[in-house]
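Here's the structure we're looking at; comments come further down.
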Amino acid sequence: MTIAGAREGAMYGIRRAVAAAMARDLTAFVLPGPSVARSMGIDLANAHLRIVGTPRHANVLIIAGPLDVGLRDAAAVAYAQMPRPRTILALGAGDIAPLPDADVSAPLTQAGLHSELADLRRVVAAGAFRANTGEFTAAALEVRVEYTCPMHPEIVRDAPGDCPKCGMTLVPRETASNGHGGHGGHDMPREDRPNPADHAHAGHAHDAGGSGAYTCPMHPEVISDAPGKCPKCGMNLVKAEEVESHGPGHGHGHGGHGGHGKQQDHSGHDGHAGHGGHSKATIDGIEPHFMSMVELTEGQPRSSDGLQMDWIEVPFGPFFPGLPAGLRLTLTLDGDTVAASDARSLVCRAELVDGPQMTAGDFVERLAAMMPLGPVAYRTLACAAIEEAASADPGQDARRGRAAAVERERIASHLGWLAEFGTQSGFLWLAARAGALQLAVQGADIDGIAAQAGAIRALIRRVETAPLMRMRLGRIARIGTDAPASGPVDRARGGGADARTEDPTLKALGFEMCVREGGDALARLRLRCDEIAQSLDLIAAAGRIAVPQVPDVETVSGEGAATIETPRGAARLRVKLANGKVVEAELDTPTDVNIALVETVTAQRELGDALAAVASLDLSPWEVRG
Amino acid sequence: MSIVVVLLSLAAGAYALAVIERWAVHGHLSLTGPAWAALALLGRESLLARKSDRLFFELGPVLLLVAGLMAVAVIPLAPGLIITDLATGALFLNAALAYVLVALIMAGWGPNGAYAMIAGWRFLGQFIAYAMLIVMPITAVAMRAESLSTVEIVASQEQLWNVLYQPMGFILFVVAAMGLAWLPPLDLPDATGELAGGVEAEYTGVRLAVLRLARMVIILALAGATVTFYLGGWLGPWLPGWAWSAIKILAVAAAMLSVGRYMPRIREARYLALSWKLGISLALANIFVVGVIALVVPI
């Protein structure tokens with residue numbers, strides 16, 4: 001037995017002991033993320049694994065559920081970053097190319113996970129080392145060397161030669177083979193792979209190219225086409241690129257100069273230079289040109305703290321621990337302050353209706369499968385909209401059962417959010433406890449919920465009284481009442497809407513909208529805790545839980561719409577039936593609304609605060625419109 | 001002889017801590033787990049980051065280990081059981097641990113990765129928060145002992161342990177020590193949920209093993225310092241001195257490792273503000289109060 005990612009070397013003596021140790025000590029990096037695995041009912045905490053936050057520290061890549069096409073390149077990068085010997089364990093994953101075939105695979109069940117892990121341990125113990133190992137290169141990380149003129153950056157050639165404009169020898173530089181897209185969740189370079197930051201650096205050389213080939217490290221205004229001495233201070237002139245990399249104002253080129261490319265986009269920050277920045281005219285007692293840093297940074301954007309720092313563009317996600325799985329957050333960091341952010345989903349939803357022959361049953365299953373973080377709510381939504389279109393009435397009992405099923409999902413989803421918050425903020429007790437309760441609640445019947453209610457309420461009390469909590473989340477990511485928002489994000493700012501207020505079934509069960517004041521991340525945490533407690537009451541009042549059945553609409557035609565308050569906010573679905581087939585469907589989701597808030601809540605925040613702010617929105621990238 | 005005994009106890013202590021850390025972080029209590037994990041780490045590829053600063057990348061973990069070992073050298077485990085009883089032991093401890101900052105910045109800078117680099121610089125900010133709060137409580141401890149020798153400091157607590165004599169200093173020192181060892185909730189430089197491992201993020205294989213071992217040694221050194229300065233070192237009834245030292249050091253280290261499990265990580269800005277505005281005022285007050293007590297009631 002061998003594994004695709006075996007480490008090179010013959011299996012002998014001490015290596016056998018090492019391989020046996022590796023088989024016992026499995027450390028896993030989970031795709032798309034531990035939270036998604038939990039919402040699919042997989043209990044990783046109970047599998048004698050250690051879950052780690054970076055592929056660098058993992059020796060097994062666990063893929064839970066079908067891997068979305070948009071995540072596959074990033075998955076290949078994560079795999080490429082794992083040190084050998086490395087393995088892949090697939091749970092109901094299907095096609096995972098460009099990743100190599102899984103070393104072990106089974107259907108997506110807890111029993112499948114356990115039997116696979118036993119297999120995996122055997123495979124690793126027997127095949128961790130192999131004489132001939134193949135190379136694996138993630139396509140997204142392949143490098144291409146191209147040649148460019150230091151004076152004329154517009155000249156780019158595939159082969160070495162001279163510049164047609166000035167006759168200088170072209171210099172080599174590396175670029176990604178497919179542009180900047182497709183970097184994995186982790187901006188982690190390796191000897192045989194390019195650092196994503198280098199792309200940015202290459203881009204920077206581009207910007208600087210026009211300024212001349214040689215310059216003085218102290219006097220950047222001195223530019224010469226040939227090497228020589230600076231006329232001002234007599235220092236040796238250096239290549240312009242070196243100044244950019246090693247000049248005192250720029251540090252080391254470390255992490256790249258991505259920010260420079262962004263200057264034009266963010267020139268609005270120049271306004272801050274007035275109070276924060278220096279210019280040679282305002283520094284008393286220092287002779288002009290003394291600090292080249294002042295010169296070098298003049299006119300460049302500054303963040304709110306006024307400090308001139310290197311700007312680096314850092315990708316977070318789609319597998320970043322503590323951010324929603326599937327979300328690619330790109331932060332432009334000015335020091336550790338976020339100067340700009342870009343959030344996009346790599347798992348956008350496709351068209352709801354693919355083909356003219358989609359039956360109501362297919363449609364309901366498709367929508368539920370598209371939303372791994374809220375399948376019950378979306379299933380209920382689809383059924384309700386179809387019933388509306390077909391003018392069918394499921395009956396009072398069914399309505400109550402459905403409402404309770406959605407409330408159960410709300411409890412599980414909010415607990416899952418608490419677990420994610422615990423992971424992100426290092427509150428590991430919360431991460432473990434909330435994760436375990438989420439698994440216990442999800443799919444539980446009415447007695448099961450009642451049995452967990454005490455433990456859940458105890459958890460909520462503990463969360464609200466945890467030390468440092470107010471300090472961590474208070475006044476973070478404040479959202480005013482003018483910005484559009486949905487769900488708990490909306491209701492945590494002293495008002496807002498809840499689709500459940502319109503629902504007579506819930507009204508009969510005693511529903512009243514929960515509201516919290518403040519509009520910050522702390523208010524959102526508390527509101528989610530309130531909603532968990534309220535949902536426990538609602539389920540107890542409903543007395544039954546029933547996931548909706550697909551309504552029987554064999555030959556009906558018509559249009560209908562329904563709105564459901566999913567755990568993340570109101571989702572609205574409009575469907576058109578023709579002869580019992582779904583021919584048109586349109587969906588509005590809460591994440592469509594809330595993802596637009598990312599830029600506001602991260603702007604000018606310290607990195608840790610910015611990540612906490614994004615997490616507090618509880619985005620589901622699967623809900624984002626493609 | 002002392003050196004061998006101390007180093008052996010250090011190895012045993014580091015292993016015990018690894019067991020405790022696994023329990024605190026991953027929730028598994030396994031006596032053999034760290035042994036398997038260490039062996040597995042040694043068998044894994046130790047990747048060198050592309051375009052890394054090789055010197056910093058290689059030296060960071062080693063310097064961290066050296067700093068920890070130097071600090072351990074002045075921790076007395078029992079009368080006579082100390083590597084070197086310097087007259088300026090308490091000062092030396094502080095000087096040795098100053099290299100933790102250097103090592104972490106090197107380890108963060110070396111691999112040429114954004115997460116690690118940010119983590120390294122974060123620790124520089126953290127240094128500003130904890131540095132004064134390590135030195136100032138030690139000052140008050142030395143005032144009572146009228147010596148900087150760690151052996152003298154333990155002996156000075158014969159009548160009353162410093163944890164009761166100067167409780168404020170004890171609390172400040174423990175919090176600062178947790179900041180120095182970047183333990184949760186002060187684990188800004190390796191915050192898993194924020195920086196995916198931070199300074200550790202690019203290290204794999206043998207280099208990671210060295211980095212983790214160094215961290216354990218530093219935690220032990222700081223727990224040893226806490227016990228020496230505040231909990232009466234080897235002093236205690238019935239059991240021999242070395243046993244008391246071992247029990248106290250492991251208990252302090254276990255507490256420091258697991259307390260962060262029950263609260264979210266602190267925000268860097270708040271940590272700095274609290275350390276300077278509140279911590280330093282309290283540390284000054286502590287020095288003043290200890291000075292007055294030392295003059296008025298000589299115990």
Side-chain angles (χ1 to χ4, degrees), chain A residues 7 15 17-19 21-22 24-25 45 48 50-54 56-57 59 83-85 128 185-195 197-198 252 254-256 312 314 320-322 333 335-336 421-429 432 466-469 471-473 606-609 611, chain B residues 22 24-28 30 32-33 35-53 109 111-118 121-122 125 184-185 187-188 191-197 200-205 208 260-270 274:
Chain A
R7 187 173 179 188
R15 289 224 174 105
V18 168
M22 285 169 180
R24 279 167 176 270
D25 182 65
H48 297 286
R50 285 187 295 146
I51 308 295
V52 291
T54 156
R56 286 290 199 208
H57 298 169
N59 56 10
R84 291 188 187 86
H186 295 79
D187 176 12
M188 292 168 196
R190 189 179 156 184
E191 70 265 62
D192 52 344
R193 291 155 206 147
N195 181 354
D198 293 340
H252 176 266
H254 201 105
I312 55 175
V314 187
F320 194 79
L333 294 174
D336 64 354
F421 166 71
T423 308
Q424 189 198 49
S425 65
F427 193 168
L428 295 179
W429 175 85
L468 302 182
M469 190 63 100
M471 215 183 269
R472 171 83 219 179
L473 292 179
E606 191 268 332
L607 172 64
D609 293 351
L611 292 173
Chain B
R22 275 169 84 88
V25 175
H26 298 286
H28 306 165
S30 157
T32 53
W36 295 117
L39 194 54
L41 262 190
L42 297 182
R44 253 178 244 166
E45 270 181 314
S46 187
L47 301 171
L48 184 65
R50 193 170 180 275
K51 297 204 172 165
S52 59
D53 190 323
W109 179 271
N112 189 23
Y115 298 158
M117 181 186 68
I118 294 168
W121 292 130
R122 268 187 167 196
D187 59 338
L188 294 164
T192 299
E194 291 172 18
L195 291 170
E200 281 191 3
E202 305 289 345
Y203 284 96
T204 57
L208 182 62
R261 197 177 148 74
Y262 299 99
M263 56 192 77
R265 185 177 304 118
I266 198 163
R267 291 174 53 207
E268 183 157 31
R270 292 293 293 174
L274 278 177

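The sequence lines fix the lettering, A, B, ..., with proteins before strands; numbering per chain opens at 1.
Residue A/Ala19: no heavy atom, backbone or side chain, is found under 4.5 Å from chain B. For B/Leu39, the parts lying near chain A are the backbone and the side chain together; criterion is any non-hydrogen pair under 4.5 Å. Contacts between A/Leu473 and chain B at a heavy-atom distance below 4.5 Å are absent for every atom of the residue. Proximity to chain A (any heavy atom under 4.5 Å) is shown, for B/Ala37, by both the backbone and the side chain. For B/Leu41, no part lies under 4.5 angstrom from a heavy atom of chain A. For a residue to count as touching a neighbouring chain, one of its non-hydrogen atoms must lie under 4.5 Å from one of that chain's; by this rule A/Leu468 touches chain B with backbone and side chain alike. A/Arg50 touches chain B through backbone and side chain together, each having a heavy atom under 4.5 Å away. Of the two parts of B/Ile118, only the side chain, counted from C-beta on, holds a non-hydrogen atom closer than 4.5 Å to a non-hydrogen atom of chain A.
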Candidate pair B/Arg44 and A/Asn59, rule side-chain contact (heavy atoms from CB on, under 4.5 Å), full reasoning: CA-CA 9 Å; B/Arg44 253 178 244 166; A/Asn59 56 10; 3.0 Å; yes

Residue pair A/His57, B/Glu200: steps toward the side-chain contact (heavy atoms from CB on, under 4.5 Å) verdict: CA-CA 9 Å; A/His57 298 169; B/Glu200 281 191 3; 3.8 Å; yes

Test log, rule side-chain contact (heavy atoms from CB on, under 4.5 Å), inputs A/Met471 and B/Leu274: CA-CA 11 Å; A/Met471 215 183 269; B/Leu274 278 177; 3.6 Å; yes

Salt bridge (charged side-chain N to carboxylate O under 4.0 Å, His left out) between A/Arg56 and B/Glu202, worked out: CA-CA 7 Å; A/Arg56 286 290 199 208; B/Glu202 305 289 345; 3.4 Å; yes

Pair A/Asp336-B/Glu268, side-chain contact (heavy atoms from CB on, under 4.5 Å): steps then yes or no: CA-CA 11 Å; A/Asp336 64 354; B/Glu268 183 157 31; 3.7 Å; yes

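The aromatic rings of A/Trp429 and B/Tyr262 sit tilted, their planes meeting at an angle between 30° and 60°.
The shortest non-hydrogen separation linking A/Thr54 to B/Ala196 is CG2-O, 3.4 Å. Here the shortest heavy-atom pairing between B/Pro264 and A/Pro467 reads CD-O, 3.3 Å.
No side-chain donor-acceptor contact under 3.5 Å links A/Arg24 to the backbone of B/Gly33. Not a single donor-acceptor pair under 3.5 Å links the side chain of B/Arg265 to the backbone N or O of A/Phe427.
Salt-bridge check for B/Arg122 with A/Glu606: passed, with a basic side-chain N closer than 4.0 Å to an acidic carboxylate O.
For the pair A/Asp609/B/Arg267, a side-chain contact is recorded, criterion being any heavy-atom separation below 4.5 Å from C-beta on. For the pair A/Arg472/B/Arg270, no side-chain contact is recorded, criterion being any heavy-atom separation below 4.5 Å from C-beta on. Contact annotation: the side chain of A/Leu607 approaches that of B/Leu195 to within less than 4.5 Å [non-hydrogen atoms, C-beta and beyond].
Chosen from A/Gly422, A/Ala17, A/Ala21, the residue pairing most often with chain B at heavy-atom distances under 4.5 Å is A/Ala21. Taking chain A as the reference chain and counting heavy-atom pairs below 4.5 Å, the highest number among B/Ala40, B/Ala38, B/Gly197, B/Ser30 is found for B/Ala40.
In this structure, A/Ser425 OG and B/Glu194 CD are separated by 8.0 Å, a value rounded to the nearest 0.5 Å.
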